[in-house]
Engineer: 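Below is one structure. I have some questions about it.
Here is the naming used below: chain letters follow the sequence lines, and residue numbers restart at 1 for every chain.
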4 protein chains.
Amino acid sequence: MTTQKFSAISAPYKAILLDSYGVLRNHRGLIPGVVETVERLRKEGKVIRVLTNNAARSPEAAAKNLVKYGLHGIPAEEIITSGATTRHFLTHKIQAGKVAYLGTPQSAEYIFSAGLEAVAVADVDMARLDEIKAVAFLDDEGYDMNHDLNKLINLLRRCQVPVVVANTDLLYPVSANDVALATGSIARLAEYVLGRRFVSFGKPASQMFQFAIDSMAGQAPDLTPADILMVGDTLHTDILGGNTFGVSTALVLSGNTQPETAELEIRSSGILPDFVCSSIGD
Amino acid sequence: MTTQKFSAISAPYKAILLDSYGVLRNHRGLIPGVVETVERLRKEGKVIRVLTNNAARSPEAAAKNLVKYGLHGIPAEEIITSGATTRHFLTHKIQAGKVAYLGTPQSAEYIFSAGLEAVAVADVDMARLDEIKAVAFLDDEGYDMNHDLNKLINLLRRCQVPVVVANTDLLYPVSANDVALATGSIARLAEYVLGRRFVSFGKPASQMFQFAIDSMAGQAPDLTPADILMVGDTLHTDILGGNTFGVSTALVLSGNTQPETAELEIRSSGILPDFVCSSIGD
Amino acid sequence: MTTQKFSAISAPYKAILLDSYGVLRNHRGLIPGVVETVERLRKEGKVIRVLTNNAARSPEAAAKNLVKYGLHGIPAEEIITSGATTRHFLTHKIQAGKVAYLGTPQSAEYIFSAGLEAVAVADVDMARLDEIKAVAFLDDEGYDMNHDLNKLINLLRRCQVPVVVANTDLLYPVSANDVALATGSIARLAEYVLGRRFVSFGKPASQMFQFAIDSMAGQAPDLTPADILMVGDTLHTDILGGNTFGVSTALVLSGNTQPETAELEIRSSGILPDFVCSSIGD
Amino acid sequence: MTTQKFSAISAPYKAILLDSYGVLRNHRGLIPGVVETVERLRKEGKVIRVLTNNAARSPEAAAKNLVKYGLHGIPAEEIITSGATTRHFLTHKIQAGKVAYLGTPQSAEYIFSAGLEAVAVADVDMARLDEIKAVAFLDDEGYDMNHDLNKLINLLRRCQVPVVVANTDLLYPVSANDVALATGSIARLAEYVLGRRFVSFGKPASQMFQFAIDSMAGQAPDLTPADILMVGDTLHTDILGGNTFGVSTALVLSGNTQPETAELEIRSSGILPDFVCSSIGD
């Protein structure tokens with residue numbers, strides 16, 4: 001399997017979409033060469049957006065988080081999170097009322113900024129379920145699985161309200177070798193035992209790609225999918241999502257997909273990135 | 001479960017998206033009142049688009065088909081098919097070469113209009129598989145299941161090329177009581193036995209909704225999802241797709257969803273239309 | 001949907017297999033009429049076995065539990081638990097060593113009685129994973145989901161050992177209206193995120209029915225499936241399992257399947273009990 | 001990954017269960033050394049049974065088929081087919097009436113020998129569906145997929161009768177490189193579009209292993225699972241089934257599992273054979 005240098009791959013594109021974890025940084029910190037690469041892309045006049053399936057924090061907080069790691073070049077306006085697409089849905093579909101959520105208070109910001117009232121599942125009054133207008137899976141942290149999952153299952157058996165999943169990732173890396181269950185896996189568990197399908201956001205679904213295009217329209221009018229390169233470390237979210245949306249895709253081997261298994265994963269999944277490179281720092 | 005008159009439901013919206021089968025017509029022909037309703041919507045200055053998961057024919061042929069049934073008011077430019085989104089994908093992702101397909105020659109038009117060469121799976125030379133650059137599931141008719149499915153399975157085991165599914169519907173009605181396997185079910189069978197995921201188009205995926213918005217931009221600039229009503233007869237495609245995209249949704253009971261089971265299906269699936277009405281002719 | 005009296009249904013059979021929760025007792029205690037029914041079955045010379053998907057306690061403890069509820073007629077030898085089938089597997093497939101488990105210390109008795117050493121997942125030394133020879137999902141209680149699930153996922157990513165699931169139930173009732181996630185749902189979550197299939201025990205799988213027949217061979221030699229009636233409250237475990245094994249099946253409406261929804265559930269699942277009755281106390 | 005000679009592996013066991021295709025023969029004919037191995041096993045006083053997921057023909061016809069390939073040592077009484085377990089189910093659960101089937105007339109023998117009337121789906125009178133008491137998926141050949149699948153889907157939507165699947169295999173090899181859709185994949189398609197689960201027979205389900213033990217009881221009383229070795233070429237049927245039942249398992253590399261990918265498949269599936277050998281002829 002041939003890898004190419006990212007600088008060569010990215011040259012012809014007008015806009016670059018970057019996944020965050022596994023592309024910009026990993027558990028050790030910023031991936032070597034990322035700062036220089038972002039500077040170079042800007043010098044080349046390319047538009048940049050970061051697309052992350054992480055709904056744990058607002059774009060503002062996400063931008064601050066990148067700065068903490070040493071990457072100063074990405075303002076909040078250039079960060080598209082699956083929380084934003086979730087908020088967009090809640091804004092349009094839920095007029096008013098309470099949204100029960102699993103996640104941290106910080107992730108609940110996405111409900112507040114939709115003009116709704118956020119209630120942690122743990123705090124829901126089961127005698128007043130008529131107040132609950134929607135349910136949101138926002139983050140895998142911030143609640144007690146031992147109590148809140150059962151409470152949520154029972155709430156959903158009685159409430160027929162829209163359920164949104166802000167992050168469909170199943171696992172995320174917490175160290176070089178270890179992973180943890182992500183929001184998506186907990187939501188899948190609930191879907192499975194209830195026999196229901198929730199409304200899911202985050203790559204590979206198209207909304208974040210569309211949000212990105214809409215957000216770049218000012219800087220780069222007349223942008224077509226052919227002008228855009230999506231760079232990600234995960235085949236079934238970043239690459240499948242980018243391919244389906246019609247943009248070009250580059251898989252990096254600095255995150256979820258290891259160099260040793262990349263070729264096998266590509267062949268067995270049938271998800272084919274247009275390019276493969278070691279990392280964007282290359 | 002309360003149903004409302006479509007004329008009342010539709011009044012506040014600037015744009016109406018209509019599913020075709022089950023909304024405009026059924027196996028018996030045009031649904032009563034549809035001609036008058038379409039005229040009324042136009043008089044009210046609303047923009048109309050027909051969104052169909054049917055990739056069996058081009059928009060031009062689909063428009064002619066509606067005329068044949070007695071509906072003259074819908075030109076080809078107002079018909080968005082999943083074949084169009086499939087063609088869009090092929091245009092951007094496949095530079096040149098042959099695309100093997102399951103479907104009728106008429107459905108293969110979507111491959112030709114993408115500038116590629118279409119080859120029915122039955123005609124593929126298994127000794128020259130390097131010529132095949134993509135595979136497309138276009139229609140459930142036009143091929144021999146007894147031979148072509150096995151041939152396709154073996155082709156896909158050897159070829160690592162993108163596979164697109166133009167229509168994810170599992171079943172479609174052929175009479176008042178009977179259904180037939182649709183393209184989506186055959187594609188799911190192949191995904192299942194190969195352990196792969198293909199690239200799927202058609203509601204509930206977002207691309208057709210986005211295509212619709214882009215196509216209406218000329219007539220109705222500044223259209224937001226809140227201005228749009230999606231009308232469909234199938235919960236897990238039309239309504240789920242519309243809800244996820246952020247438009248308002250109306251379920252009609254003139255197609256796939258029967259009046260007797262509608263409330264149960266809505267409650268058990270958790271897919272909640274904003275409105276329910278008997279038909280758009282009401 | 002016709003229901004019949006259990007006394008009439010059971011008359012022709014030589015052996016009766018009874019599910020425990022939902023048939024003998026529920027959250028309120030012993031189901032009315034159960035004591036008299038068990039006495040009558042014995043007077044009629046029938047052989048009785050209790051088949052329970054609960055691996056939380058040994059048959060001895062399960063018998064004591066029934067006595068606590070007021071049912072004295074069922075000795076430990078007549079109780080077949082999925083824990084027993086799990087122990088049988090471990091006895092034959094794992095020669096020696098440690099078995100990591102999720103569950104209570106009481107459930108771990110099934111590992112000890114297989115001659116192996118049981119280690120709670122929380123206590124596993126991740127630096128000495130070579131000592132772990134198998135993993136067992138025994139009970140939904142007794143561990144901290146917030147920590148132990150992630151630890152188990154990481155253990156399984158590194159250890160290629162057999163994984164057994166003693167109870168495939170997804171949910172179990174904790175009160176009149178509420179349910180809780182059962183062991184089976186947690187195991188399904190792990191199977192899903194790892195892309196693996198574990199070895200599962202408990203109805204509807206055949207081993208418990210076979211264990212029951214083997215255990216009754218002394219009292220009733222030449223017993224054939226046609227002589228046996230399985231009585232359960234859950235279609236997809238008790239009834240599907242009994243039907244597949246070839247015994248006759250009776251669904252009771254005193255547990256998981258409500259009178260109001262029974263007919264619909266039977267029709268939509270295609271799982272058809274031979275008989276339906278309100279409860280065995282009838 | 002270490003392979004061992006089959007003669008060494010098999011020595012300690014009293015009974016050997018052999019899968020047929022991929023173990024005794026393949027598309028080229030009898031696997032080299034099989035005749036000598038079967039003779040040796042008999043000289044050593046071991047009991048032999050052939051366990052095949054093929055319900056296409058009776059054990060008598062299967063025995064004749066093996067003779068045709070050059071293996072004379074296996075009488076019909078030693079061949080356990082999934083068709084036999086299917087017939088066992090029909091015998092006990094369906095009193096009388098017609099069983100609609102997909103398959104060849106030869107496979108329908110399993111229905112006749114259950115004392116019932118077999119009707120090919122193509123011949124079912126849709127106006128007299130009350131006569132149909134069960135449906136059986138017996139073989140992937142013998143019917144026209146283009147017509148009979150849709151007819152079956154519509155029959156099942158109207159008939160609430162038990163549905164049995166005699167062979168859960170998804171694919172089977174037709175040549176060195178090619179496969180064909182097997183009965184199991186067609187049944188899965190129907191389950192999927194109907195949202196139902198059928199009653200399935202064939203490895204890895206336990207019934208065939210139990211049938212084998214019951215059938216060997218005469219020759220080898222007091223046989224325990226520890227005395228038995230299951231030999232198969234497919235992890236998720238032969239090996240998973242054998243492991244779950246509690247017998248020892250040996251994976252051969254002369255069929256579905258290739259030497260190059262065996263280790264990867266074992267690791268990724270988590271299905272662990274006790275032994276691996278090139279073929280039983282080794």
Engineer: Going by residue number, which parts of residues 211-228 of chain C are within reach of chain D, meaning a heavy-atom gap below 4.5 Å?
Structural biologist: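 Within residues 211-228 of chain C, near chain D: C:Pro225, C:Ala226.
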
Engineer: Check D:Thr244, D:Leu272, D:Ile271 against C:Val199 for a side-chain contact (heavy atoms from CB on, under 4.5 Å) and give me the one that passes.
Structural biologist: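 Only one of D:Thr244, D:Leu272, D:Ile271 forms a side-chain contact (heavy atoms from CB on, under 4.5 Å) with C:Val199, namely D:Thr244.
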
Engineer: From D:Ser248 OG over to C:His92 NE2, what is the distance, rounded to the nearest 0.5 angstrom?
Structural biologist: 9.0 Å

Engineer: With only heavy atoms counted, which part of C:Val164 is less than 4.5 Å from chain D, the side chain, the backbone, both or neither?
Structural biologist: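 Interface part for C:Val164: neither.
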
Engineer: Which of the residues D:Ile266, D:Asn243, D:Leu240 is involved in the greatest number of heavy-atom pairs with chain C at under 4.5 angstrom?
Structural biologist: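 Looking at each option in turn, the highest pair count goes to D:Asn243.
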
Engineer: Picking from D:Arg196, D:His88, D:His236, which has the most non-hydrogen pairs under 4.5 angstrom with chain C?
Structural biologist: D:Arg196

Engineer: Using modelled atom types and a 3.5 Å cut-off, is there a donor and acceptor pairing between side-chain atoms of D:Lys93 and backbone atoms of C:Val247?
Structural biologist: yes

Engineer: Where on C:Thr249 is there a heavy atom nearer than 4.5 Å to chain D: the side chain, the backbone, both, or neither?
Structural biologist: both

Engineer: Check whether D:Phe201 gets within reach of chain C through its side chain, its backbone, both or neither, counting any heavy atom under 4.5 Å.
Structural biologist: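 Only the side chain of D:Phe201 comes within 4.5 Å of chain C.
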
Engineer: Tell me the closest heavy-atom pair linking C:Ser206 and D:Gln207, and the distance in Å.
Structural biologist: OG-CG, 4.2 Å

Engineer: Side chain, backbone, both or neither: which part of C:Gln210 has a heavy atom under 4.5 Å from chain D?
Structural biologist: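 Only the side chain of C:Gln210 comes within 4.5 Å of chain D.
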
Engineer: Side chain, backbone, both or neither: which part of C:Arg197 has an atom under 4.5 Å from a heavy atom of chain D?
Structural biologist: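 Only the backbone of C:Arg197 comes within 4.5 Å of chain D.
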
Engineer: Is C:Phe245 close to chain D through its backbone or its side chain, or both, or neither, when contacts mean heavy atoms under 4.5 Å?
Structural biologist: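 Looking at C:Phe245, just its backbone touches chain D.
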
